[in-house]
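In what follows, a structure is listed as structure tokens, so that the remarks can point back to it.
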Amino acid sequence: MSTDAVDAVVVGAGFGGLYMVHRLRQLGMTVQGFDAAGGVGGTWYWNRYPGARCDIPSLFYSYTWSAEVQQEWRWSEKYAAQPEILAYAEFVAEKYDLKRAFAFETKVTSAVWDEAARHWTVTTDRGHRVSARFCIMATGCLSMPRAPGIPGEDNFEGRTFHTGTWPHEPVTFEGQKVAVIGTGSSAIQSITEIAKTAHHVYVFQRTPNFSVPARNAPLTEQDYAAFWEQYPAYRQMVLEGTAGIAGGSPFRSLTAEQQRARFEELWNIGGAGYLGALADLLTNPIANDAAANFVREKIRDIVKDPDVAEALLPDDHPIGAKRICVDTGYYEVFNQENVTLVNLRKAPIEAITRAGVRLQAQAQEYPVDAVVYATGFDAMTGALLNIDIRGEGGFSLSEGWRDGPKTYLGLQVAGFPNFFTITGPGSPSVLSNMISSCEQHVEWITDCLAWLDANGVDAIAADPQAQEDWVRNVNEAADQTLFPKANSWYIGANIPGKPRVFMPYVGGHYRQICNTVAADGYRGFRLSGSADRASRRVVRT
Ligand code: NA7
């Protein structure tokens, strides 16, 4: 097998990988990208289920690194739907000729650090073998769909779907009976769409979730004008690392009436901004209860059948400690004749049968034409650990992360030189605006690579002690909040046997910490070797 040589391999053609390729090229590096998908877009390539939509406003879920893209692209709605976000990724990829860097429909199977040669050897399921000085993982946080592992899944004779790997061809549920398994964000978005045409939708709920109305709407000229007016201040907040941080007052500084007015105001505005109702909503259990009770009241108001309403009330986690869902008519859909909530707390699913879904104990069966698994992802670490990644001494990442992921700043792993993770565990990632976080990591990595060359440094890897300190910091930050109180995918609780470690960094000032580390000559990183690397660039013909 011949080995192709480049300066850097980038795994993933989502928003992180696309921008990374662009910046590497600007450094004059040769790049080989890989993606299992047939095109760019990452999570937005795969999640084509009905109703798939971003839960961050489109104007903010946009790249800021290209003034041309900002001027030329126009979002049609406050919260863009999946096809529009995918079109945006394609627009950027075309504009900057980024697709050329990628081999699509190609899964990376291994990445192995060659100690002597000081480079990574990356192999794929299509026979590529590429050597690269840098290996950059832009593999996404929600890119490894999780099959629920219910007995009999293969026996079902109807159509089966997973929201995270939705087919490209049009899917119709017109006149059909459909089972949707799960009530997370993907289910909550898809149920309302599927119920528009299906004969009947059975919603199999194990754990109720909090959802707030999106109040989506077309974007107007005035919306754009208002956005550009506040843009410099927003950009400043992004750079200071304070964008998206709750701006409300603390619970105790408000009277009960004022609290209620605040909840009502944000409920009416719509969106996940509800969690910013109080400054201490995610740290103070009493404040959290008040915000949660307000939503429970809304559910009782909206859902006409009191038994169904009761079953929909989230009761096992603080609001926001699991990712809050943002919906369009979710609770209302249970007032439709053609939607039934199946409460799995009364009787769990025993098996998928040839004809549908059978519950335990009750021996009740729901015959359906289609089953939609909206059962989530092996989040944050799943895609990385699906690749055989080996660093110094052949040590594998899966061995190193057996008790949970360990990184320094969510950017690097001790023992894995010149290996970077964009929005890796231990960085704000899924608890931030993912596009902003991708940009920040890409820019930090770009600066780092330029600095290595400028200083004649061959390789960089996290120092084990700095990594331990950072992991402790990530845990301590989480312990100051209510996040660890939920069995969420943030903590790996949705995957049987996955170590329970809170993965995103919620301590604040993250961007400044990364900048200071760099300004201090990459404090906490081990720098090794010295070579005139810039003149040893891999040139591709
Ligand atoms: P989530 O939020 O992980 O939701 C998965 C849902 O599937 C959740 O309600 C689970 O219930 C349910 N589930 C999983 N396995 C089963 C079985 N075996 N039986 C019944 N129900 C099951 O994934 P999503 O795709 O909705 O959203 C992921 C993120 O994407 C979201 O947070 C946004 O950031 C975008 P459980 O709670 O485990 O009882």
Side-chain angles (χ1 to χ4, degrees), residues 14 42-44 46-56 61 79 81-82 85 140-153 161-166 179-192 202-212 214 271-272 275 311-312 314-317 319-327 330 341-352 357-360 366 371-380 382-383 423 428-435 437 483 486-496 498 500 503-504:
T43 197
W44 299 106
W46 296 104
N47 284 272
R48 295 166 186 250
Y49 60 83
R53 215 172 260 289
C54 190
D55 58 9
I56 292 191
Y61 196 74
Y79 295 98
Q82 175 271 336
I85 304 173
C141 295
L142 295 163
S143 44
M144 206 45 203
R146 169 184 176 258
I150 300 170
E153 277 165 24
F161 303 90
H162 191 293
T163 48
T165 51
W166 202 261
V180 178
I181 297 180
T183 48
S185 188
S186 304
I188 281 173
Q189 290 186 333
S190 56
I191 287 162
T192 48
Y202 297 96
V203 178
F204 292 84
Q205 174 188 268
R206 195 162 65 179
T207 315
N209 264 320
F210 288 99
S211 190
V212 291
L275 298 177
L312 284 166
D315 57 2
D316 77 331
H317 63 278
I319 188 168
K322 275 187 176 182
R323 190 170 179 101
I324 196 163
C325 302
V326 177
D327 71 87
Y330 177 61
L341 182 72
V342 182
N343 184 354
L344 298 177
R345 282 179 171 167
K346 288 188 177 161
I349 297 174
E350 183 176 65
I352 305 293
V357 183
R358 190 172 67 225
L359 303 189
Q360 267 174 28
Y366 292 85
V371 176
V372 174
Y373 295 105
T375 45
F377 300 86
D378 184 352
M380 304 193 69
T423 65
S429 63
V430 291
L431 284 170
S432 65
N433 176 338
M434 280 299 280
I435 292 201
S437 288
F483 283 110
N487 288 323
S488 68
W489 55 258
Y490 298 141
I491 207 164
N494 64 328
I495 305 291
K498 187 164 173 171
R500 288 181 69 105
M503 294 181 280

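For ligands, and for the atoms within them, numbers begin at 1 and follow the listed sequence. No hydrogens, no waters, no symmetry mates; every other heavy atom, side chains included, goes into these values. Numbers for residues simply follow the sequence, beginning at 1.
Residue contacts with ligand 1, taken as heavy atom pairs separated by less than 4.0 Å, involve Leu142 solely via side-chain atoms from C-beta onward. With a 4.0 Å heavy-atom cut-off, ligand 1 is reached by the side chain of Leu344 but not by its N, CA, C or O. Contacts of Ala374 with ligand 1, taken as heavy-atom pairs under 4.0 Å, involve the backbone alone. Contacts between Arg146 and ligand 1 below 4.0 angstrom, taking non-hydrogen atoms only, involve the side chain exclusively. Of the heavy atoms in Ile150, only side-chain atoms (C-beta onward) come closer than 4.0 Å to ligand 1.
Counting all heavy atoms, side chain and backbone alike, Leu312 lies closest to Pro208 at O-CB, 3.4 Å. Between Thr165 and Pro145, the shortest heavy-atom contact is CG2-CG, 3.7 Å.
Using modelled atom types, no side-chain atom of Arg48 and backbone atom of Trp166 make a donor-acceptor pair closer than 3.5 Å.
Using a 4.5 Å cut-off on side-chain heavy atoms (C-beta onward), Thr192 and Asp327 make no contact. A 4.5 Å side-chain heavy-atom check between Ser429 and Met380 finds at least one atom pair inside the cut-off. Within the 4.5 Å cutoff, no side-chain heavy atoms of Lys498 are placed close to those of Ile491.
For Phe204, the closest heavy-atom approach to ligand 1 does not fall below 4.0 Å.
Near Gly184, with a cut-off below 4.0 Å to any heavy atom, the atoms of ligand 1 are 2 (O), 4 (O), 6 (C), 9 (O), 26 (O).
Here the shortest heavy-atom distance to atom 36 (P) of ligand 1, taken over Thr183, Val180, Thr207, belongs to Thr207. In this comparison of Arg53, Lys322, Arg206, the heavy atom closest to atom 37 (O) of ligand 1 sits on Lys322.
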